[in-house]
Amino acid sequence: MQRYFHDELRQLRDDLILMGERSLDMTRLALRAVEQGDDALALQVRGMDDRVDELEKRVDREIMRYLTLFGPMGSDVRLLLAARDIGHDLERIADEASVIAKRAMVISERGPLKDLLHVPQEGIIACEVLRLALDGFIEGDINKARLVLERDAEIDALNRKNYESLFGSVGDTTKVSASHVELIFISKALERIGDHSKNVSEQVIFILSGEDVRHAR
Amino acid sequence: MNPSASRIKVQPATESEGRKDYIRIQDFGFWYGAKKALDAISLDVPEQRVVAFIGPSGCGKSTLLRNLNRMNDLVDGIRHEGDIQIAGRSIYDPGIEVISLRRRVGMVFQKSNPFPKSIYDNVVYALRIMGVTDRAILDEACETSLRKAALWDEVKDRLNDSALGLSGGQMQRLCIARAIANRPEILLMDEPCSALDPIATGKIEELIHELKAQFTIVIVTHSMQQAARVSDRTAFFYLGKLIEYDTTEKIFMNPTQAQTEAYISGRFG
Ligand SMILES: Nc1ncnc2c1ncn2[C@@H]1O[C@H](COP(=O)(O)OP(=O)(O)O)[C@@H](O)[C@H]1O
Ligand SMILES: [Mg+2]
């Protein structure tokens with residue numbers, strides 16, 4: 001029997017999807033701001049963060065309301081517990097996108113930067129992985145969620161490569177500019193976005209199978 | 001303990017916003033002989049909303065409910081003070097006929113009480129009492145009421161069978177259909193699901209959710225979970241006093257009174 005209050009679970013899902021799409025949009029736009037030195041775009045990204053914060057609070061209220069009023073059981077309980085974590089991770093992704101936008105502005109203030117290290121590639125993969133994590137949630141596809149857990153390593157590797165290409169060769173730090181240090185912060189933010197995407201996917205696996213795959217090696 | 005709860009006013013909250021108060025209970029006190037069962041109750045019920053009365057056994061929920069259509073008039077030695085208004089008019093107004101009040105304010109009881117007659121005869125019972133004999137009108141009222149009570153599909157092929165052959169959940173929906181056939185404005189329900197299994201209970205709750213589009217509903221329930229699921233506002237009573245009345249969300253998520261919190265979290269007593 002489908003009950004009238006099940007509509008509220010649909011609403012909750014829709015809000016999470018909206019949060020996810022917004023966070024991904026912000027990440028993409030922030031990366032474009034880095035590559036094109038586009039301050040206006042960076043500012044726009046920073047302005048998008050409030051809406052995601054609001055959505056996180058709304059999601060939390062919806063979860064609390066559902067838990068208190070409708071006595072959920074079984075997979076509905078898993079969905080509600082996981083939704084709390086997913087909402088939190090998506091909000092953090094939006095924060096990281098904001099950080100990237102802020103660093104883009106610092107870089108552009110110092111003049112255009114020709115060598116962006118492996119950041120553009122890392123950005124492409126981070127967006128792919130986040131897209132995959134969102135699709136895993138939206139489609140309830142456990143294979144996509146599991147793929148995210150594997151692909152997160154690609155982002156970690158590129159983050160390490162960025163670091164090494166600047167500080168790797170001992171003694172030779174003459175090439176390192178202040179702007180390059182900003183790039184390292186951006187690389188690190190992308191690496192975190194990968195981690196949060198992974199967390200989302202772990203929760204998707206929990207919703208779909210009940211299996212807790214966190215901290216697995 | 002709550003100060004005599006002389007007027008607990010609910011802030012218009014999202015759910016009830018902009019709705020007229022259909023029932024207004026004002027400083028209402030009630031006695032069975034020397035025993036005071038209700039003390040200075042003030043509470044408004046918005047139209048087309050579901051209000052739940054909760055509280056421990058004997059706190060006066062049913063007494064207040066039965067006063068809304070003056071069912072308690074039938075008890076010896078009763079007395080009241082204060083007032084109850086429905087649609088802006090006191091139900092104690094000498095111009096109000098109790099019979100017509102009970103038509104406007106229908107009641108569904110804890111134990112479904114179908115008459116030992118056919119399903120059809122049960123639904124149209126009150127209409128016949130009112131003198132309606134036109135078969136077409138009765139047929140129409142029977143079908144409409146059973147549809148609204150979400151029972152039509154289950155019984156349409158056996159309207160002439162005895163109502164006593166229905167399941168508990170079906171009987172309770174039949175009693176709701178019987179109440180609806182009177183075209184009431186308000187439906188009172190006193191623990192309507194306490195004898196039903198979870199699936200039948202779910203069906204009645206779905207029905208309540210649909211019926212509020214047309215009726216103002218007050219439900220007494222001993223199940224806090226049920227109050228949480230079906231109602232827009234909840235009133236918590238204790239020892240004949242209204243302790244707290246607010247949106248259901250507020251009462252169950254963050255009540256103001258410590259006693260309410262203790263009761264809903266199972267720490268009472
Ligand atoms: N017909 C009656 N005659 C005398 N006392 C009654 C009668 N009905 C209820 N009471 C008393 O009034 C108080 C409130 O009862 P009631 O309204 O049935 O409580 P609730 O529905 O909350 O369990 C109780 O103390 C009960 O014993
Ligand atoms: Mg009672």
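We name chains A, B, ... by the order of the sequence lines, and we start the count at 1 in each one. Because only heavy atoms are used, hydrogens play no part in the values below, and waters and symmetry mates are left out as well, while side chains stay in.
The contact between A:Met1 and chain B is made entirely by side chain atoms (from C-beta outward), counting heavy-atom distances below 4.5 Å. The contact between B:Gln225 and chain A is made entirely by backbone atoms, counting heavy-atom distances below 4.5 Å. Looking at A:Gln2, the atoms closer than 4.5 Å to chain B (heavy atoms on both sides) all sit in the backbone: N, CA, C or O. Looking at B:Glu205, both its backbone and its side chain come within 4.5 Å of chain A, counting heavy atoms on both sides.
Less than 6.0 angstrom separates the ring centroid of B:Phe268 from the ring centroid of B:Tyr238.
Ion pairing of B:Arg173 with B:Glu154 is present here, as a side-chain N (NZ or NE/NH1/NH2) and a carboxylate O approach within less than 4.0 Å.
For the 3.5 Å distance criterion, the side chains of B:Glu244 and B:Thr260 qualify, holding a donor opposite an acceptor.
Judged by the 6.0 Å and 45° rule, A:Arg103 forms a cation-pi pair with A:Phe185.
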